[in-house]
Amino acid sequence: GGGGGGGVRSPLQTCLVTLDRFCLLHERAEVRHSTLDLLIGLSRTRSASVKQFLVTLPNTVPCVVTLATQKEEWEVRRKASRILSGLSFDFDKKNTLMATVQRLALYEERIAASIMDGEISKETSEHLAQTLIYISQGRRQRRDWAERGRADDAARKARVAQGGGGGGGGGG
């Protein structure tokens, strides 16, 4: 996925690529911890485009899901789960961020299993549960769009059949 886009990255995107490539998987714990703190901030941003760029990177989503759902120290899991729920929501449009929830849908079972496992703090389980809600909302959104598209097509065909096009001129 991702790629393309003229090839010229903004300084912020270059920074995010560095975080994704080196910092999340760094051998020093303090680097990994501060990277999570940065990602929490980024997941709370109002800029949907920043989040959309983040989720296209190869390591960020898989790594954060792993940290949120594996037997990590509770503080790491709390941070990772906050990142997941933050990345899944567009704070400006007040709805799910499709790019993220489509990517996270691949990990849905894993997220659900780790909630059921019960070996997590209340806050972590709340964030993970919220993430699952966003995933299902995203699915519903996609279905609604598809149905609306089909309804529009049907209405167009009905109009054409009814009035033989009604001078609408060459359809589309």
Side-chain angles (χ1 to χ4, degrees), residues 1-115 119-142 145:
V8 181
R9 285 195 186 122
S10 71
L12 177 61
Q13 287 178 332
T14 304
C15 197
L16 296 179
V17 168
T18 306
L19 279 181
D20 181 79
R21 199 170 292 164
F22 304 109
C23 306
L24 259 176
L25 309 163
H26 202 277
E27 68 263 14
R28 290 180 53 196
E30 53 272 35
V31 175
R32 294 195 306 271
H33 280 289
S34 42
T35 303
L36 287 179
D37 291 334
L38 271 170
L39 286 172
I40 286 177
L42 288 165
S43 76
R44 296 273 165 252
T45 178
R46 300 187 78 87
S47 166
S49 60
V50 168
K51 294 184 190 185
Q52 274 163 338
F53 182 76
L54 255 181
V55 302
T56 63
L57 297 173
N59 300 318
T60 300
V61 168
C63 193
V64 173
V65 168
T66 301
L67 293 176
T69 58
Q70 273 186 358
K71 297 270 183 282
E72 292 286 337
E73 54 206 271
W74 67 269
E75 182 59 17
V76 169
R77 290 186 80 165
R78 187 179 67 84
K79 286 179 181 181
S81 66
R82 274 188 72 183
I83 293 165
L84 290 179
S85 65
L87 283 178
S88 303
F89 194 68
D90 184 334
F91 292 104
D92 261 355
K93 293 203 178 76
K94 299 278 182 277
N95 64 9
T96 58
L97 203 54
M98 287 308 284
T100 315
V101 297
Q102 281 172 284
R103 186 98 198 265
L104 283 174
L106 305 172
Y107 303 98
E108 189 176 16
E109 282 176 22
R110 195 158 154 190
I111 293 169
S114 82
I115 295 172
E119 285 283 306
I120 49 178
S121 71
K122 185 166 175 282
E123 192 186 339
T124 299
S125 68
E126 280 167 7
H127 283 296
L128 291 179
Q130 192 57 57
T131 303
L132 290 178
I133 290 168
Y134 291 145
I135 291 170
S136 69
Q137 281 175 350
R139 234 182 236 123
R140 207 166 34 242
Q141 226 167 295
R142 276 251 307 278
W145 289 345

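Ionic pairing of R139 and E108 is present here: one or more N-O contacts between side-chain nitrogen and carboxylate oxygen are shorter than 4.0 angstrom.
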Determine, stepwise, if the pair S49 / S47 fulfils side chain to side chain donor-acceptor pair (under 3.5 Å). CA-CA 5 Å; S49 60; S47 166; 3.1 Å; yes

Discussion item. Go through it in stages, so that I can follow the logic: the residues are L24 and L39, the test is side-chain contact (heavy atoms from CB on, under 4.5 Å), and I'd like the CA-CA distance, side-chain angles, deciding distance and then a yes or no.
Written reply: CA-CA 10 Å; L24 259 176; L39 286 172; 3.9 Å; yes

- Query: Can you list the steps and then say if T56 with R103 is a side chain to side chain donor-acceptor pair (under 3.5 Å)?
  - Reply: CA-CA 9 Å; T56 63; R103 186 98 198 265; over 6 Å; no

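Considering only heavy atoms from C-beta on, F53 stays 4.5 Å or farther from S10 through its side chain. Within the 4.5 Å cutoff, side-chain heavy atoms of V76 are placed close to those of H33. Side-chain contact between Q52 and L97 is present, with at least one heavy-atom pair separated by less than 4.5 Å. No side-chain heavy atom of T100 sits under 4.5 Å from any side-chain heavy atom of Q102. You'll find the side chain of K51 stays beyond 4.5 Å of the side chain of L42, heavy atoms only. A 4.5 Å side-chain heavy-atom check between S88 and I135 finds every atom pair outside the cut-off. For the pair L84/L128, a side-chain contact is recorded, criterion being any heavy-atom separation below 4.5 Å from C-beta on. Side-chain contact between I83 and L87 is present, with at least one heavy-atom pair separated by less than 4.5 Å.
With R82 as reference, H127 is the one residue of E126, R77, H127, Q130 to meet the side-chain contact (heavy atoms from CB on, under 4.5 Å) rule.
Using modelled atom types, one side-chain atom of R32 and one backbone atom of H26 make a donor-acceptor pair closer than 3.5 Å. Formation of a donor-acceptor pair under 3.5 Å by the T60 side chain with backbone atoms of L57 is not found in this model. When atom types are taken as modelled, the side chain of T45 and the backbone of G41 share no donor-acceptor pair closer than 3.5 angstrom. At distances below 3.5 Å, not a single donor-acceptor pair connects side-chain atoms of R110 with backbone N or O atoms of T69.
In this structure, K94 places its NZ atom where more than 12 heavy-atom neighbours from other residues, nucleotides or ligands lie under 6.0 Å away. E30 CD: more than 12 foreign heavy atoms inside a 6.0 Å radius. Other residues, nucleotides and ligands contribute only 12 or fewer heavy atoms inside 6.0 Å of the CZ atom of R142.
To the nearest 0.5 Å, atom CG of residue N59 and atom CG of residue L54 are 11.5 Å apart. The CG atom of D90 sits 8.5 Å away from atom OG1 of T96, with the distance rounded to the nearest 0.5 Å. One distance of note links OG of S125 with CD1 of I115; it measures 6.5 Å at 0.5 Å rounding. We find the OG-CZ distance between S34 and R28 to be 9.0 Å, quoted to the nearest 0.5 Å. Taking CG from L36 and CD from E75, the interatomic distance works out to 9.5 Å, rounded to the nearest 0.5 Å. For the atom pair CG (L16) and SG (C23), the distance works out to 10.5 Å, reported to the nearest 0.5 Å.
Residues meeting the ring-ring contact (aromatic ring centres under 6.0 Å, His included) test with Y134, sequence neighbours left out: F89. Applying the ring-ring contact (aromatic ring centres under 6.0 Å, His included) test to F22 and every residue at least two apart in sequence or in another chain returns nothing.
Across all non-hydrogen atoms, the minimal contact from C63 to L25 is SG-CD2, 3.8 Å. Counting all heavy atoms, side chain and backbone alike, V101 lies closest to G138 at CG2-CA, 3.9 Å. Of all heavy-atom pairs spanning D20 and P58, the tightest one is OD2-CD, 3.3 Å. Among all heavy-atom pairs drawn from S81 and A68, the shortest one is N-CB, 3.9 Å. Closest approach of T124 to S121, counting heavy atoms only: OG1-OG, 2.9 Å.
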